[in-house]
2 protein chains.
Amino acid sequence: MGSGQPRGRSGGRPTLEEVAVRAGVGRGTVSRVINGSPRVSEHTRAAVEEAVAELGYVPNTAARALAANRTDSIAVVVPEPESRFFSEPYFSDIIHGVGAALADTDMQLLLTFAGGDRERRSLAQYLSAHRVDGVLLVSVHADDPLPDLLEQLEIPAVISGRRSAEERLASVDSDNFGGARAAVGHLLSRGRRTIATITGRLDVYGAQRRLDGYVDALTEAGHPPSADLTAHGDFTEDGGRRAMADLLARRPDLDAVFAGSDVMAAGARQVLREAGRRIPDDVALVGFDDSAIARHMDPPLTSVRQPIAEMGRTMTNVLLAEIADTRPSAARRLARQQIVLPTELVCRESS
Amino acid sequence: MGSGQPRGRSGGRPTLEEVAVRAGVGRGTVSRVINGSPRVSEHTRAAVEEAVAELGYVPNTAARALAANRTDSIAVVVPEPESRFFSEPYFSDIIHGVGAALADTDMQLLLTFAGGDRERRSLAQYLSAHRVDGVLLVSVHADDPLPDLLEQLEIPAVISGRRSAEERLASVDSDNFGGARAAVGHLLSRGRRTIATITGRLDVYGAQRRLDGYVDALTEAGHPPSADLTAHGDFTEDGGRRAMADLLARRPDLDAVFAGSDVMAAGARQVLREAGRRIPDDVALVGFDDSAIARHMDPPLTSVRQPIAEMGRTMTNVLLAEIADTRPSAARRLARQQIVLPTELVCRESS
DNA sequence: GGTAGGGGTGGGAGCGCTCCCATGTGTGAT
DNA sequence: ATCACACATGGGAGCGCTCCCACCCCTACC
């Protein structure tokens, strides 16, 4: 593709020039009005705005992009092959927030997929061509080369979550540590004492932080966790099942489980059932994400809610600010924000 | 927004002209090579391709769009306010398919939201400005003016599902009728005889077709359904609850329920539970969509799977074909495709 | 040997906009 | 009245590409 015929040369959509003629002013003046420059008299501005309305003028983006060397669009990069990503509402919610934040602007949202090798290459090329003003990176792995490429190209970018404690890019994360602490604190307050945890992939920073929060809450309460109460899942339901089976084998006396995601909690629930443990009577269960699964599970799952849509909104606003920032790149680099949004424990019947 | 400074004028990215100089040919020739025109000698083509590779040349989209009056991008219009839309994986899956189909092309994917009135207006303006080559319409209501606008502007468009039996736009739908028939047939084959149904909003064509399929299957089997076995939901969980309560009140003897969506089935399940009916022992339950909820429900829900990602892929291919079609618009109008993709019954423990 | 014809090629003329410099035009200070 | 300066305005010069016409040269045919 990429060829295709030019379709019926724009059935006479009005141009800047025509607006100028109609309003009896010069092109430059119309351009100033369109772009909200203050250097136009009130009277002239009114005349131009009238002409714009009469003609139904809409600026041609391509021409503007060409002349001004900006695109008025940002890209969301989706690490597609992870089907986990698509099977959870995370993606939809982030996009939801991004869309909301963008609604107040003229910016367009581009969706790009960084799935296979080929797609990654063409994405790199795409970014090198500066075809977007900024990039939103969703769910990036620690070893992804994309953030470095963006830094090198000096393309504004914001990452959801972060890759490590010292993230160089601007980032918006949720308080995984605090959420985990709250979840475990809740279990403690319910009288549970032998609290196990199922972690996500620990090369994902957020998963590590959830584990940290678990350890911290228990330690603070004077019940430092023994190592055999921690099992590692990989964010999948099956991983949750395996981890739960391990835990039961090692510590049949456990009376609560904090899972690093709802999906893993779903797997754990199944194994607990099969082992004849009642939830929450014998074992309390808490998840993370507060996804649809949590509400529909039997019993409904207590879970830590992340403000995902708000993360999307915040990411977008941070990105727009970076794009608008005209200071030298060194200053911009120093000003990069690291935002952490609060999480919230949603109590249901599983605990 | 929409203003913002031009960022560091393109640190010398190579242009067509520079490639031409390097390859020792004219601009026109390079353009021909880039666009795969056959009117270039093998020898010249090789020289140009080498120069392109050496310089790392990437065409400037804005310039191309301006000169050729095409954008190489398509838009997916998302009817955002429907939170139902975002809470189900439908959206993600469609996008997934669209992305896959687009991976083979140079087309870009734009996401536009048609939420509030303001957004709708700016979308209309956006489309009027022909800023995309084509549009994918997802989940459109029967009375939405957008499709008509698109037709009038002669912008190629494909709709997911359809608005009525005689859809004027090209469309890709799943076989709702067949899926419902299969679901009901399955219940009949399991010996159920008093089969009720909970419909979605009947102004959604697909919901009507599911009801039609239900009626058809029962009629064909010689058990034409009585009217009191049909209750109307609105695709929400709460609607499912209410409909189920109605049904139980009217026909306490029912032994199976076919719900028009998994979410409504979830609501129904709850009411059945509370009424002391065991699933599937007393009442068999079948849903529609095969969403994550179906898998995680207790007991896991038998459901009709729609090939959503494939719908996205197919829609995209149909749209690309329409965009490439250069015949007069009357001929194009006649050639609009109406595609129906098969559905599949996924049997689980609820039936 | 002359004349069509065709494939291959170069480059002018825009596409519609922004940027910026040059040119008014009015104000206040000198 | 004179100068300086700010503000408002017009329009030339591109931005990088595609389209298309003119041109060249070579083959084929008369």
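A note on names: the letters A, B, ... follow the listed sequences, proteins ahead of strands, and every chain is numbered from 1.
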Q: Expressed in angstrom and rounded to an integer, what is the separation of B:Asn69 atom CG from D:dG16 atom C1'?
A: 16 Å
Q: B:Ile34 has an atom CD1; how far is it from atom C1' of D:dG16, in whole Å?
A: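 B:Ile34 atom CD1 is separated from D:dG16 atom C1' by 12 Å.
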Q: If the condition is side-chain contact (heavy atoms from CB on, under 4.5 Å), which residues does A:Gln125 pass it with, not counting sequence neighbours?
A: B:Val58
Q: So for A:Arg39 and D:dT9, does any side-chain atom that can act as donor or acceptor lie under 3.5 Å from a complementary atom in the base?
A: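 No such pair is found, so the answer is no.
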Q: Which part of the nucleic acid, if any, lies within contact of A:Thr44, taking any heavy atom under 4.0 Å across all strands shown: a base, the sugar-phosphate backbone alone, or nothing?
A: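 Here A:Thr44 touches the backbone only, sparing every base.
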Q: For A:Arg64 and D:dG16, what is the distance between atoms CZ and C1' respectively, to the nearest whole Å?
A: 18 Å
Q: I'd like to know if the side chain of B:Asn60 reaches the main chain of B:Ala62, judged simply by a donor and an acceptor atom lying under 3.5 Å from each other, with no hydrogens or angles considered.
A: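 Yes; at least one donor-acceptor contact below 3.5 Å.
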Q: Is B:Glu167 reaching over with its side chain to a backbone N or O of B:Arg163, donor-acceptor style, under 3.5 angstrom?
A: yes
Q: Does B:Arg32 contact C:dG10 through a side-chain donor or acceptor facing the base, at a distance under 3.5 Å?
A: yes
Q: Any N or O donor-acceptor pair linking the side chain of B:Arg27 to the base of C:dG12 at under 3.5 Å?
A: yes
Q: Can A:Glu322 and A:Arg332 be counted as an ion pair, charged N to O under 4.0 angstrom?
A: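 Salt bridge: no.
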Q: Between B:Ala63 and B:Arg45, which residue's closest nucleotide on DNA chain C lies nearer the 5′ terminus?
A: B:Arg45
Q: Considering only heavy atoms from C-beta outward, does the side chain of A:Val76 approach that of A:Thr112 to under 4.5 Å?
A: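 Not in contact.
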Q: So does A:Ser31 get a side-chain nitrogen or oxygen closer than 4.0 Å to the phosphate oxygens (OP1/OP2) of C:dC17?
A: no
Q: Thinking salt bridges, do B:Asp104 and A:Arg118 make one under a 4.0 Å N-O criterion?
A: yes
Q: Round to the nearest Å and state the distance from B:Asn60 atom CG to D:dT18 atom P.
A: 10 Å
Q: Quick check: on DNA chain D, is the nucleotide nearest A:Pro38 upstream (toward 5') of the one nearest A:Gly28, or the reverse? Name the residue that is more 5'.
A: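 Its nearest nucleotide lies further toward 5', so the answer is A:Pro38.
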Q: Taking only distance into account, with no hydrogens and no angle test, what donor-acceptor pairs under 3.5 Å do side-chain atoms of residues 143-153 of chain A form with protein atoms, sequence neighbours excluded?
A:
from     : atom 1 : to       : atom 2 : distance (Å)
A:Asp144 : OD1    : A:Arg120 : NH2    : 2.6
A:Asp144 : OD1    : A:Leu146 : N      : 2.7
A:Asp144 : OD2    : A:Arg120 : NH2    : 2.9
A:Asp148 : OD1    : A:Arg168 : NH2    : 2.7
A:Glu151 : OE1    : A:Arg168 : NE     : 3.0
A:Glu151 : OE1    : A:Arg168 : NH2    : 2.8
A:Glu151 : OE2    : A:Arg336 : NH1    : 3.3

Q: CD of B:Glu42 versus C1' of C:dT9: gap in Å, rounded?
A: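 After rounding, the reported distance stands at 16 Å.
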Q: Round to the nearest Å and state the distance from B:Glu17 atom CD to C:dG14 atom P.
A: 18 Å
Q: Taking atom OG of A:Ser31 and atom CG of A:Leu16, what is their separation to the nearest 0.5 Å?
A: 6.0 Å
Q: A:Ser41 side chain N/O closer than 4.0 Å to the phosphate oxygens (OP1, OP2) of D:dT9?
A: yes
Q: So what does the secondary structure string of DNA chain C come out as, 5' to 3', with Watson-Crick or wobble pairs under 3.5 angstrom, [ ] for crossing and | for pairs with another strand?
A: ||||||||||||||||||||||||||||||
Q: Of all the choices, C:dT9, D:dC19, D:dC17, which nucleotide is nearest to the side chain of B:Ala68 once you look at every atom?
A: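 Taking heavy atoms from C-beta onward, the closest nucleotide is D:dC19.
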Q: Where the side chain of A:Leu66 is concerned, which of D:dC15, C:dT9, C:dG12 is the nearest nucleotide?
A: D:dC15
Q: Starting at CZ of B:Arg70 and ending at P of D:dG16, how long is that distance when rounded to a whole Å?
A: 18 Å
Q: If only side-chain N and O atoms of A:Asn35 are considered, is one of them under 4.0 Å from the OP1 or OP2 phosphate oxygen of C:dT18?
A: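 True: A:Asn35 side-chain N/O within range (under 4.0 Å) of C:dT18 OP1/OP2.
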